[in-house]
Amino acid sequence: MSISQLGYIYIQASDLAAWETFGADVMGLQLAARDKDRLVFRMDQYAQRIVVVKGPADDVYISGWETETEQGLLDTVARLKAAGVGVEEGSKELAAERRVERLFCCNDPDGNRLEIYCGPTLTDEPFRSKVLRSSFVTGEQGLGHCFLISKKDRKTTLDFYVGVLGFKLSDYIRQEIAPGIVADAAFLHCNGRHHTLAAAVMPVPKRIHHLMIEVADLADVGRAYDRVNDAGVPLEMTLGMHPNDKMFSFYVRTPSGFAIEYGFGGLQVDDATWSVKSFDKLSEWGHRPAAPPAPAA
Ligand code: FE2
């Protein structure tokens, strides 16, 4: 396997001011740079992890996937080309903007833009959050996981991510979430994190359902839950736990309308002993829909 982690995410957002407050004051990301068109957030020693760019989409629009070596990058590109996927090398200017040494760009079967790169820039400046007391769980597990909304059948998605990019299957969850609507999700890993990518066909008008970020202390999930409520940010789902990755988490609505899952204690996969399973519930407890706002008096 050559892709080793989800290294960065670019989000296009219509309201940068809301994202600045949400990202730094509520989620506990570090605002590393800001100009009128862009916010750069850090989670660790990486110079950038989550970049929010001014634009109308209000969605994730680029995901950056790291390979440990340049050879791993070239091998991945060769596999993409052999599978007939259009892939182009990014310019030196683009690599500098992404804070990486070298990158190639392609689209997945749903038209999501992927950037596969090597050589991320690490900074000597310590990570500093205004509100997070522990740290984000990143390192070899990357920045977190993303749950994509797919328009393609499962085979097409797995042929690309497993067959070409080398992800490994973790498990499946299928649950009827509304009469006649079955969420049918596949969970994939590329490092120890139980899943770095999940995809499901769901009636959601975004490319992404949620981005998960994980903290190193359970109490930091509770503190973030308090900050969300104190700030009046809409909660999507209450505290709960998934049956597959055992993540203790809640879901909050970002200023762009998709969710962030804020979690602790996610399972790690050991490929030597892992066996693929299928679950019939998205959550083993909790993760209830948040109560609708009280009607105006
Ligand atoms: Fe998740």
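All ligand and atom numbering here is 1-based and tracks the order in the structure.
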Checking distances from the Fe ion (ligand 1), one finds that the N, O or S atom of Glu261 closest to it is OE1

task: May I ask you to test the Asp220-Phe264 pair for a side-chain heavy-atom distance under 4.5 Å?
output: no

Inspect the contact between Asp25 and Lys130 and indicate whether a charged nitrogen and a carboxylate oxygen are less than 4.0 angstrom apart.
yes

May I ask you to test the Met212-His242 pair for a side-chain heavy-atom distance under 4.5 Å? no

Original post:
Within less than 2.8 Å of the Fe ion (ligand 1), any N, O or S from His242?
Top reply: no

Discussion item. Assess the residue pair Tyr117 and Tyr8 against the criterion (ring pair (Phe, Tyr, Trp, His ring centres under 6.0 Å)); give the C-alpha distance rounded to whole Å, side-chain angles, the decisive distance to 0.1 Å, and a yes or no.
Written reply: CA-CA 10 Å; Tyr117 72 89; Tyr8 59 81; 5.2 Å; yes

The Fe ion (ligand 1) and His210: any N/O/S contact shorter than 2.8 Å?
yes

